[in-house]
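Beneath this line is the structure, given in structure tokens, with notes to follow.
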There are 2 protein chains.
Amino acid sequence: MAARGAAQAHQTHNHRECIEDALKRAREICAGRGAQLTPLREKVLQIVWRSHKPVGAYDVLDELARSHKSARPPTVYRALDFLMGEGLIHKIESLNAYLGCVEAGAPHSGQFLICRQCGATEEIVDAKLETALDQAAKQAHFAGERKVVEISGLCARCAA
Amino acid sequence: MAARGAAQAHQTHNHRECIEDALKRAREICAGRGAQLTPLREKVLQIVWRSHKPVGAYDVLDELARSHKSARPPTVYRALDFLMGEGLIHKIESLNAYLGCVEAGAPHSGQFLICRQCGATEEIVDAKLETALDQAAKQAHFAGERKVVEISGLCARCAA
DNA sequence: TTCGGCAATGTTACATCATAACAGCGGGGT
DNA sequence: ACCCCGCTGTTATGATGTAACATTGCCGAA
Ligand SMILES: [Zn+2]
Ligand SMILES: [Zn+2]
Ligand SMILES: [Zn+2]
Ligand SMILES: [Zn+2]
């Protein structure tokens, strides 16, 4: 099991372990590809993983700057671009924010459930939904590449 | 038939008529609700409808300023917010841009096919996809509200 | 060993997208 | 006449993202 699903985001879980799993997996994936997960990039990945809520680039910057004074916007955006390119994080388009991927290593567009109350965002992998997307594109004679699926609402915890 | 589907966006079609249909429909909808489709707001709607490609707020501003010198960013964003509130346009989150709605009057989140080559964007209404979204949320005990579905790729014309 | 290429990072400046806050104006009701 | 309220004007600023060039450090070729 790669990284624990964000389904547990709302429940108490050992998030320290959750982060460590993600970082460990990232190191393995990059090593296997010859991609350079530098200390800077790993630090940014760690910051993104600090919560199960999407984090803005400038929030990452603020946090990064605590240990890395020379950090500037390009520092962060380059690292985020690298991490997205390696499939280690996703961008949540409707929030202009970034989230650790729970299925890193398996190339995919993400599908997200975003709680408007608590901010917790769960990445789901739904085959039927994936099929429906492909079918919809095919029916319109459209060659789909990147898919953005973001559902906002209330998580189970917040709805209760 | 309300507004012609953007499926025809790539084919030659009488776009002047296409715009007129959309504006006429918008007037009817707003009149029926007591919503004030002021000349300014209608002008912004017209500008958004000038093409079947999503248009940025500042592009709208540039165009609007040709006939309306006092136009400023808030002028445009207020109009766009009104038009979104009335369901007459959609925001394309992955492009930070706005597009006329082809199903105005029927409240819905849009589903979009965005050509990365020519920019033409088609709004589709796919019941199976809608169901798959609802099922996916339900399965995760998530109360979905707003749904963002944007598929980028190549339209039939550009793929050929 | 020295040098040149290349990827990563540093650094400055700027581009793009969006909103806060308050002022002015004008129609409709009392 | 007066107030209320929605729309628009106006100034300023916040938030997000990128261009362009400089510097560093490693590694392989000459
Ligand atoms: Zn966790
Ligand atoms: Zn929640
Ligand atoms: Zn048209
Ligand atoms: Zn195209």
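Hydrogens, waters and symmetry mates play no part in the numbers below; they use all other heavy atoms, side chains included. Below, read A as the first sequence line, B as the second, and so on, with proteins coming before strands; counting in each chain starts at 1.
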Sugar-phosphate, base or nothing in reach of [X], heavy atoms under 4.0 Å:
{"X": "A:K91", "value": "sugar-phosphate"}
{"X": "A:R78", "value": "base"}
{"X": "B:Y98", "value": "sugar-phosphate"}

Write down the distance between [atom1] ([X]) and [atom2] ([N]), rounded to a whole number of angstrom.
{"X": "A:Q36", "N": "C:dC6", "atom1": "CD", "atom2": "P", "answer": "15 Å"}
{"X": "A:Y58", "N": "C:dA18", "atom1": "OH", "atom2": "P", "answer": "15 Å"}
{"X": "A:R41", "N": "C:dA7", "atom1": "CZ", "atom2": "P", "answer": "11 Å"}

Per A:T38 side chain, nearest of listed nucleotides D:dA19, C:dA8, D:dT8: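 Between D:dA19, C:dA8, D:dT8, the one nearest the side chain of A:T38 would be C:dA8.
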Among D:dC7, D:dT11, C:dT9, which nucleotide has an atom closest to any side-chain atom of A:L40? C:dT9
Electrostatic pair [X]:[Y] at N-O distance under 4.0 angstrom:
{"X": "B:E28", "Y": "B:K24", "value": "yes"}
{"X": "B:K147", "Y": "B:E130", "value": "yes"}
{"X": "B:E150", "Y": "A:R146", "value": "no"}

Would you say whether B:Y77 stacks on C:dT19? The test is a distance between ring centres of less than 5.5 Å and an angle between planes of less than 30°. no
Does D:dG9 have OP1 or OP2 under 4.0 Å away from a side-chain N or O of B:S70?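 Checking B:S70 against D:dG9: at least one side-chain N or O falls below 4.0 Å of OP1 or OP2.
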